[in-house]
Amino acid sequence: GNSVTQMEGPVTLSEEAFLTINCTYTATGYPSLFWYVQYPGEGLQLLLKATKADDKGSNKGFEATYRKETTSFHLEKGSVQVSDSAVYFCALYRGSTLGRLYFGRGTQLTVWP
Amino acid sequence: GAVVSQHPSWVICKSGTSVKIECRSLDFQATTMFWYRQFPKQSLMLMATSNEGSKATYEQGVEKDKFLINHASLTLSTLTVTSAHPEDSSFYICSASGGQGGPYTFFGSGTRLTVV
């Protein structure tokens, strides 16, 4: 079946530190992959996406590369800010049900000044 | 991007009463809408998928008589929590897909339900 595994949180970093949040997936065929961000008390916002192998999604300094050989889509940012504190969800879309996303369990990121 | 409006953003109700949550696509036609429930510090659990004009498809373990979903138009879906109990307190999120092909799904801002 389709599933997403994210690294356990919480992750606590100092401002300007390097961030990596690991995400691996299981799916048949070629899913599309996403990172969503959820700020406290809010819904989910799409952060970035990649639709095929070797694609790199990027937005707001965050990057993730679709690695088919390792079935991974790790989220990275070179220098985090306090405002990046949020919960990050990795998700995949397989296409069997239009719009249906499979989510990882989320990783809480806290950035201290 | 497209806008999905979810209302109310928070609601407090008494045990035994019913609560309705609305999810509207403001600038596109949502052929499919999804309802998720999020427990504290956990991921989103898909409750049901609804297609406009047809009955919702519920995920295993979700009580369809308790969580009534209506998708009567291409811009509106509602989730009604009937006979609410404190264990129904949670964060509910809807998402809408316009069927353009590909995973173009947009999320509402969520509803915090507290049952007292």
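To find a chain, count down the sequence lines: A is the first, B the second, and so on, and within it residues start at 1. Just so you know, these numbers use all the heavy atoms, side chains as well, and skip hydrogens, waters and symmetry mates.
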Q) In chain order, what residues pass the side-chain contact (heavy atoms from CB on, under 4.5 Å) check against A/Pro40, with sequence neighbours excluded? A) none
Q | Interchain contact, A/Gln38 with chain B, by part (heavy-atom threshold 4.5 Å) | A | side chain
Q: Heavy-atom pairs under 4.5 Å with chain A are the metric here; pick the option from B/Thr57, B/Ile93, B/Val4, B/Leu44 that has the most.
A: B/Leu44
(Q) Can you confirm whether A/Gln81 is buried at CD, in the sense that more than 12 heavy atoms of other residues, nucleotides or ligands lie under 6.0 Å from that atom? (A) yes
Q: Not counting sequence neighbours, which residues clear salt bridge (charged side-chain N to carboxylate O under 4.0 Å, His left out) with A/Glu42? List them please.
A: none
Q. What part of A/Leu44 is in contact with chain B, defined as an atom under 4.5 angstrom from a non-hydrogen atom: side chain, backbone, both or neither?
A. both
Q.
So if I take each residue of residues 58-85 of chain B and look for any heavy atom under 4.5 Å from a heavy atom in chain A, which residues do I end up with?
A. B/Glu59
Q: Please look at A/Phe89 and chain B and tell me whether the side chain, the backbone, both or neither of the residue comes under 4.5 angstrom of a heavy atom of that chain.
A: side chain
Q. Should B/Lys20 and B/Glu22 count as an ion pair when the cut-off is N to O under 4.0 Å?
A. no
Q. Under 30°, 30 to 60°, or over 60°: which ring-plane class applies to A/Phe103 and B/Phe107, parallel, tilted or perpendicular?
A. perpendicular
**Q.** Side-chain donor-acceptor pair present, B/Gln6, B/Ser109, cut-off under 3.5 Å
**A.** no
Q: Kindly check if the number of other-residue, nucleotide or ligand heavy atoms within 6.0 Å of OH (A/Tyr30) is above 12?
A: no
Q) By a 4.5 Å heavy-atom criterion (distance strictly below it), what part of B/Gln38 contacts chain A: side chain, backbone, both, or neither? A) side chain
Q | salt bridge (charged side-chain N to carboxylate O under 4.0 Å, His left out) against A/Lys56, all qualifying residues, sequence neighbours excluded | A | A/Glu63
